[in-house]
Number of protein chains: 2
Amino acid sequence: MDRTVGGSSGTIRYVTSDQPQLADCRARLAFDLLANTWNAVLIWALRHGPCRPGELRGRIGGISPKVLTETLRRLEFNGLVTRRAYVESPPRVEYELTPLGATLLGPIDAFGAWAFEHGDEVMAAQEEHEAP
Amino acid sequence: MDRTVGGSSGTIRYVTSDQPQLADCRARLAFDLLANTWNAVLIWALRHGPCRPGELRGRIGGISPKVLTETLRRLEFNGLVTRRAYVESPPRVEYELTPLGATLLGPIDAFGAWAFEHGDEVMAAQEEHEAP
DNA sequence: CAGAATCCTTTACGATACTG
DNA sequence: CAGTATCGTAAAGGATTCTG
């Protein structure tokens with residue numbers, strides 16, 4: 001197997017243009033971390049402490065086992081999550097936010113709060129553009 | 001043309017599972033808005049006021065004209081940005097954050113600040129996992 | 001200059017089945 | 001139960017060219 005870990009919010013690729021601007025700015029790093037469907041959702045789902053994959057799937061809903069593993073591996077790769085495997089049968093695994101990962105909860109919460117406050121407006125705008 | 005506006009952070013699709021959890025939670029709406037490479041970057045790039053596409057491309061760097069247009073259209077569709085076209089030659093167009101879009105600047109700033117503070121740690125983790 | 005039209009490559013994500 | 005292996009689809013994003 002190839003174990004590709006690049007791509008979506010795996011390795012951050014800085015676009016190297018001639019002029020130094022937002023492209024290679026630090027902010028891009030954070031944006032790239034969220035630039036996929038599940039990264040933020042999983043961090044959010046782990047906010048209360050260690051959690052097993054099955055439990056995560058139950059909490060989140062709509063994520064396939066494959067994508068769940070991929071995403072958790074990405075987060076681990078970026079130092080946001082740790083994986084702990086207990087040698088038992090049936091197997092037991094727990095994922096947990098690292099201290100670094102936990103620091104992301106603040107900004108993520110900000111978005112949660114934003115959605116709670118402004119979600120209606122976004123949906124209204126969408127419907128407006130669908131039925132003009 | 002088909003003018004597809006669904007997909008990445010266009011229309012928010014709520015995963016309808018049996019149990020109501022994070023999947024159909026409001027937070028997903030905000031996460032989906034950021035779940036692509038350029039949405040957040042563009043909002044960020046528009047934070048100081050109206051801006052023309054060419055200027056945006058210059059500020060951001062590494063975005064193709066096609067993707068720039070697509071992304072701005074998505075933001076417009078979601079009510080976060082307005083497009084104003086002046087009837088002139090050569091053509092002039094300006095994009096501007098809506099009041100709603102501007103409310104996203106707070107959360108986005110939070111991520112910018114986070115990146116400024118913790119970006120090194122992420123990059124360190126990445127390198128560590130690349131060269132063990 | 002804005003942006004539409006094409007073409008192309010990558011990959012994210014899903015469904016499913018299988019292994020230890 | 002955790003995770004991998006496959007297969008398949010959709011779409012994101014890039015490069016390029018063309019037009020008003």
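First the proteins, then the strands, lettered A, B, ... as listed; each starts at 1.
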Q: Please tell me which of the listed nucleotides, C:dC13, D:dG13, D:dT4, lies nearest to the side chain of A:N36?
A: C:dC13

Q: Would you classify B:P91 as touching base, sugar-phosphate or nothing, given that sugar-phosphate means primed atoms plus P, OP1 and OP2, and contacts are heavy atoms under 4.0 Å?
A: base

Q: Write down the distance between CH2 (B:W38) and C1' (D:dG13), rounded to a whole number of angstrom.
A: 9 Å

(Q) Using 0.5 Å steps for rounding, measure from the CG atom of A:N36 to the OG1 atom of A:T71. (A) 6.0 Å

Q.
Expressed as a whole number of angstroms, how long is the span from B:E76:CD to C:dA2:C1'?
A. 14 Å

Q: Considering just the side-chain nitrogens and oxygens of B:R52, establish if one lies under 4.0 Å of OP1 or OP2 belonging to C:dA2.
A: yes

(Q) Once you apply a heavy-atom cut-off of 4.0 Å, does A:Y86 come out as touching a base, just sugar-phosphate, or nothing? (A) nothing

Q. Closer to the 5' end of DNA chain C via nearest nucleotide, is it A:E70 or B:L72?
A. B:L72

**Q.** Between P of D:dC1 and CD of A:E94, the distance in whole Å
**A.** 15 Å

Q. Does the B:T82 side chain pair with the main chain of B:E96, one donor and one acceptor, at a distance under 3.5 Å?
A. yes

Q: May I have the distance from B:D32 (atom CG) to D:dA11 (atom C1'), rounded to whole angstrom?
A: 15 Å

(Q) Using the side-chain heavy atoms of A:R74, tell me which of these nucleotides is nearest: C:dG14, D:dA15, C:dA12. (A) C:dA12

Q. Where do B:R84 and B:V93 land on the side chain to side chain contact (heavy atoms under 4.5 Å, CB included) test, with the steps shown first?
A. CA-CA 6 Å; B:R84 188 173 313 165; B:V93 173; over 6 Å; no

**Q.** N or O in side chain of A:R73 less than 4.0 angstrom from D:dA2 OP1/OP2
**A.** no

Q. Given that B:T71 and A:T69 both sit by DNA chain D, which one's nearest nucleotide is further toward the 5' end?
A. A:T69

Q) In whole angstrom, what separates A:N39's CG from C:dA12's C1'? A) 11 Å

Q.
With a 4.0 Å limit, can you tell me whether A:S64 has a side-chain N or O closer than that to the phosphate oxygens OP1/OP2 of C:dC13?
A. no

Q | Between C1' of C:dC13 and CZ of A:R57, the distance in whole Å | A | 13 Å

Q: Return the value, rounded to whole Å, for the distance between atom CD1 of A:I63 and atom P of C:dG14.
A: 7 Å

**Q.** Option from B:I43, B:I60, B:L72 for which side-chain contact (heavy atoms from CB on, under 4.5 Å) with B:W38 holds
**A.** B:I60

**Q.** Out of D:dT4, C:dC13, C:dT6, whichever nucleotide has its closest atom nearest the side chain of B:K66
**A.** C:dT6

Q. Nearest to the side chain of B:V93, which nucleotide is it out of D:dG13, C:dA2, D:dA2?
A. C:dA2

Q: Would you kindly give the CG-to-C1' distance between A:L56 and D:dA2, to the nearest whole Å?
A: 12 Å

Q: Flag the pair B:E55 and B:R59 as a salt bridge only when some basic side-chain nitrogen lies within less than 4.0 angstrom of an acidic carboxylate oxygen.
A: yes

